[in-house]
Amino acid sequence: MQIPEASNFIQEIIVNDLTTGKRTEVHTRFPPEPNGYLHIGHAKSICLNFGTALKFGGKTNLRFDDTNPTKEDVEYVDSIREDVHWLGFDWEDREYYASDYYEQTYEFAEKLIQLGKAYVCELQGDDVSTYRGTLTEAGKPSPWRDRPIEENLDLFRRMRAGEFEEGRYFLRAKIDMAHPNMNMRDPAMYRIKKATHHRTGDKWCIYPMYDFAHPLGDWIEGITHSICTLEFEAHRPLYDWFLIALGLDNRPQQIEFARLNLTYTMMSKRRLLELVQNKVVMGWSDPRMPTVSGLRRRGYSPSSIREFADRIGISKADSMVDINLLYFCIREELNASAQRAMAVLDPIKVVIDNWQDGREDMIEVENNPENPAQGSRRISFGKEIYIDAEDFMENPPKKYFRLHPEGEVRLKGAYFIKCVNVLKDAAGKITEVHCTYDPASRGGESPDGRKVKGTIQWVSVAHAVDAEVRLFDNLFTLENPAAVPEGQNWMDFVNPNSLVKKQAKLEPMLGEATLADRYQFMRLGYFCLDSEDSKPGNLVFNRTVELKDSWGKSQAKV
RNA sequence: UGAGCUAUGGUGUAACGGUAGCACAACAGAUUCUGAAUCUGUUUGUCUUGGUUCGAAUCCAGGUAGCUCAACCA
């Protein structure tokens, strides 16, 4: 196989390994802990691990890192499986669990004891950290550090047998209590936990720590490149130490990259959980959540997320990606593919005075100007239509070229209309706009060639479909919600306008929408049915992303 | 005088000792039956100080700034 060209520093390592013959294949793994839902940061890692293996003709395992039974649950296993598949990746039959290796992991631990490289410690609570020292001072050896091998073995076996209470003993690697890297100061390998594990049940009452289980899992599976995030960098010497101490050949190589940060987005699993528990959002799959399930419900496609992951690149520098790039990726895709439709979010009624009562016209409109192959559709037009309140102004600013008194505007695909009168209620609120239409402008062109700058969407009153339309905005008002100013609470930066519900009027076709459909509501944005709340007769549409709006932006400035 | 890592336009990322490029964002114009899309153009960058070299974003040294590490979490 021709070795592809590297496009980031991890691929450079791989290309180098392949060309020097250090490796003959690439085998990665995605190792989530099943203690929460996957978010877009995980999606970056999934795309990295699966994408890299794919590029080099290798494989990727899905491995659940389930070494802490008190935090993990099958609910999360199921959602993770679904999300990885949905993103478009396949681990075939290679679905593994750290718990699959508990027996082997245990044997490796005994071996380390026999080699005099691990011991059973009985330091309690604060004493453990006291003995460990601080960042600037060396630690001191545990009193149990030189326990005889036979005694260690006996104790460790009895730990497994369940003879001791939690915390009474724990197994530690015997490395160096004065090591400048705190992770090397005799780290814990096994602890007693009398908890029921979601897969192994009550078979075990001792569980391995991540630092011990992870390199072993990688080695057992034949992983070549073990890709993880930056915070594990200081753990790499330990990762290597275990494999070397056990004399294991063909060691996997741990490589770290910077995790994703997104503007206006909370990425902390713990805080996302708080949002769910405090009912700040509707749940893990709330379309405002950065979870994979939230993005899915919002209307993002797997390919748009892969495209995003591709564009942000991979490096070791901490960074903050502009959320506009995510928006760009989904707009770019939907612009090319989405069916166009007309919808009115804040309806005001327009009555066409010179239109014959009861007369109806069928108007032909293209389904997607970006792709003529998608054809066209016919829509009923009549004397009464809805337009958006935003598309009419009694006293318009300069350069406003939507409907206004004396002004002429084109109704998409239909006719030119001109405003002749405005009706209001006692409170001064506009109730009806009366217009006249130009019969010669049918289809949206006038034979006299006069230009009409504004084109607006419309919905026939007689045929309108009612629906709830949900408009989403960033969940946080702070660009970096992870860095809240001194003395303030991150919850105070939840955007109160992150969800706005509209009672909208839609063109008839949208009444037949299915979950798989993606629409561009013309001049508004991209929308899809809400997978959880939309029901026949009670439609709910979600706005995936709005269209760019240079007019709105210029108006916001004045 | 703890250790490790990182530093390129507003943002993200290339350039591997030889012309600082791409994308997003922003701005301007053209175009438009979506104030979208499209097209054209513009603004803005190698953290700093030295050194090596004909030549440094790249190599070396010192600074500075940021991130990570003292769970029987992952």
Side-chain angles (χ1 to χ4, degrees), chain A residues 6-8 12 31-33 35 65-68 70-72 98 121 123-125 128-130 132-139 166-172 179-185 187-193 206-207 209-211 213-214 228-237 256 258 260 263 269 310-329 331-332 335-336 340 342 365-366 369-370 399-402 410-414 416 441 443-445 452-457 520-525 546-555:
Chain A
S7 58
N8 61 50
E12 275 174 28
E33 182 185 15
N35 70 343
D65 222 327
D66 55 351
T67 54
N68 188 351
T70 58
K71 290 189 176 172
E72 296 147 8
C121 184
L123 246 22
Q124 299 292 310
V128 180
S129 43
T130 307
R132 184 138 37 217
T134 69
L135 292 174
T136 52
E137 300 159 51
E166 286 187 12
R168 176 73 183 86
Y169 295 102
F170 68 113
L171 185 72
R172 313 177 70 164
H179 199 106
N181 181 344
M182 299 289 291
N183 296 117
M184 300 296 271
R185 320 247 262 230
M189 290 168 59
Y190 266 92
R191 74 286 211 189
I192 300 170
K193 254 186 204 295
I206 56 171
Y207 291 92
M209 305 293 294
Y210 164 89
D211 282 315
H214 206 87
C228 63
T229 44
L230 244 31
E231 66 269 25
F232 292 102
E233 202 160 26
H235 295 242
R236 186 171 4 114
E256 310 85 16
L260 172 66
T263 56
K269 255 187 186 179
D310 216 53
R311 284 175 179 260
I312 56 177
I314 299 293
S315 76
K316 290 191 72 164
D318 290 306
S319 61
M320 175 70 73
V321 174
D322 189 338
I323 192 148
N324 279 306
L325 183 59
L326 215 213
Y327 296 156
F328 170 83
C329 290
R331 278 195 198 111
E332 181 189 44
N335 176 52
R340 309 291 128 124
M342 293 201 281
V365 187
E366 69 232 308
E370 300 287 325
K399 291 196 178 172
Y400 182 85
F401 46 81
R402 279 110 98 142
R410 171 170 35 237
L411 294 173
K412 173 71 189 177
F416 292 176
S441 66
E445 297 286 0
V452 169
K453 185 87 169 154
T455 302
I456 63 176
Q457 80 278 16
Q520 184 198 87
F521 289 2
M522 296 198 79
R523 305 205 304 132
L524 297 175
E546 51 193 322
L547 252 30
K548 276 180 116 178
D549 180 13
S550 59
W551 167 251
K553 192 156 56 171
S554 69
Q555 290 307 292

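Within every chain, numbering begins at 1; the chains are lettered A, B, ... in the order of the sequence lines, protein sequences first and strands thereafter.
Counting to the nearest Å, the C1' atom of B:U11 and the CG atom of A:L325 are 9 Å from each other. Residue A:E231 contributes atom CD, which lies 15 Å from atom P of B:U6 at whole-angstrom precision. The nearest whole Å value for the distance from the CZ atom in A:R331 to the C1' atom in B:C24 is 11 Å. Atom-to-atom, CH2 of A:W551 to P of B:U32 comes out at 19 Å; the value is rounded to the nearest Å. Between A:I456 atom CD1 and B:U32 atom C1' there is a gap of 17 Å when expressed in whole angstrom units. If you take CG of A:D322 and P of B:C22, they are 19 Å apart, rounded to a whole angstrom.
Only the C1' atoms considered, B:G55 is 27 Å distant from B:U44, to the nearest whole Å. Nucleotides B:C47 and B:G41 have their C1' atoms positioned 31 Å apart, rounded to a whole Å. Comparing B:U53 with B:C39, their C1' atoms are spaced 45 Å from each other, to the whole Å. Separating the P atom of B:U8 from that of B:C67 is a span of 15 Å, rounded to the nearest Å. Between B:A56 and B:G29, the two C1' atoms lie 40 Å apart (nearest whole Å). Comparing the P positions of B:G62 and B:A3 gives an interatomic distance of 12 Å, to the nearest angstrom. Comparing the P positions of B:A57 and B:U38 gives a spacing of 35 Å, expressed to the nearest Å. For the C1' atoms, the distance linking B:C24 with B:G45 amounts to 16 Å, nearest Å.
At the heavy-atom level, A:F170 lies under 4.0 Å from base atoms of the strands shown. Using a 4.0 Å heavy-atom cutoff across all strands shown, A:E166 reaches no nucleic acid atom at all. Among the atoms of the strands shown, only primed sugar atoms or phosphate atoms (P, OP1, OP2) are found under 4.0 Å from some heavy atom of A:N68. Looking at heavy-atom distances under 4.0 Å, A:I312 makes contact with sugar-phosphate atoms alone, never a base. The residue A:L123 sits close to a base: some heavy atom pair falls under 4.0 Å. In this structure, A:I314 reaches the sugar-phosphate backbone alone: every heavy-atom distance under 4.0 Å involves primed, P, OP1 or OP2 atoms, never a base. Residue contacts for A:Y327: at a heavy-atom cut-off of 4.0 Å it reaches no nucleic acid atom on any strand shown. A:L230 comes within 4.0 angstrom of no nucleic acid atom, judged by non-hydrogen atoms across all strands. Using a 4.0 Å heavy-atom distance criterion, A:H235 is classed as a base contact. Within the nucleic acid shown, A:P31 has no heavy atom closer than 4.0 Å to any nucleic acid atom. Residue contacts shown for A:R340 include a base, since a base heavy atom lies under 4.0 Å away. A:E137 comes within contact range of no nucleotide atom at all, as no heavy-atom separation falls under 4.0 Å. Within 4.0 Å of A:F521, counting heavy atoms only, lies no atom of the nucleic acid at all. Here A:M209 lies in heavy-atom contact (under 4.0 Å) with sugar-phosphate atoms only.
When the side-chain nitrogen and oxygen atoms of A:S550 are compared with OP1 and OP2 of B:A36, one or more of them lie within a distance under 4.0 Å. Note on A:S315: a side-chain N or O is less than 4.0 Å away from OP1 or OP2 of B:U13. Phosphate contact (OP1/OP2 of B:A25, side-chain N/O of A:R311, threshold under 4.0 Å): absent. A:R191 has a side-chain polar atom (N or O) that falls below the 4.0 Å cut-off from OP1 or OP2 of B:C73. At the phosphate of B:C73, neither OP1 nor OP2 sits under 4.0 Å from any side-chain N or O atom of A:T67. In this model, the phosphate group of B:U34 is not approached by any side-chain N or O of A:R402 to a distance below 4.0 Å at OP1 or OP2. Look at A:R523 and you'll find a side-chain N or O under 4.0 angstrom from OP1 or OP2 of B:G35. Between A:K548 and B:U34 there is no side-chain polar atom (N or O) within less than 4.0 angstrom of OP1 or OP2.
Counting only heavy atoms from C-beta outward, the side chains of A:R340 and A:E366 never approach each other to under 4.5 Å. The shortest side-chain heavy-atom distance between A:L411 and A:I456 falls under the 4.5 Å cut-off.
With salt bridges taken as basic N to acidic carboxylate O contacts below 4.0 Å, none links A:K71 and A:E33.
A:R331 places a side-chain N or O within donor-acceptor distance of the main-chain N or O of A:E546, the cut-off being under 3.5 Å. When atom types are taken as modelled, the side chain of A:N35 and the backbone of A:E72 share no donor-acceptor pair closer than 3.5 angstrom.
Comparing A:K193 and A:K412 by the nucleotide of RNA chain B whose heavy atom lies nearest to each, the residue mapping closer to the 5' end is A:K412. Comparing A:T134 and A:D318, the nucleotide of RNA chain B nearest to each residue sits closer to the 5' end for A:D318.
Pair check for B:A3 finds B:U68; Watson-Crick or G-U wobble, both atom distances under 3.5 Å.
When all heavy atoms of A:F170 and A:Y190 are compared, the closest pair comes out as CB-O, 3.3 Å. Annotation for A:K412 and A:V365: closest pair CE-CG1, 4.0 Å, computed over non-hydrogen atoms.
In this structure B:A71 sits in the syn conformation; its chi angle is within 90° of 0.
Using the six-membered ring where Trp is involved, A:F401 and A:W551 have ring planes that are tilted, between 30° and 60° apart.
A distance cut-off of 5.5 Å between ring centres, combined with a plane angle under 30°, leaves A:Y210 outside any stacking arrangement with the base of B:A74.
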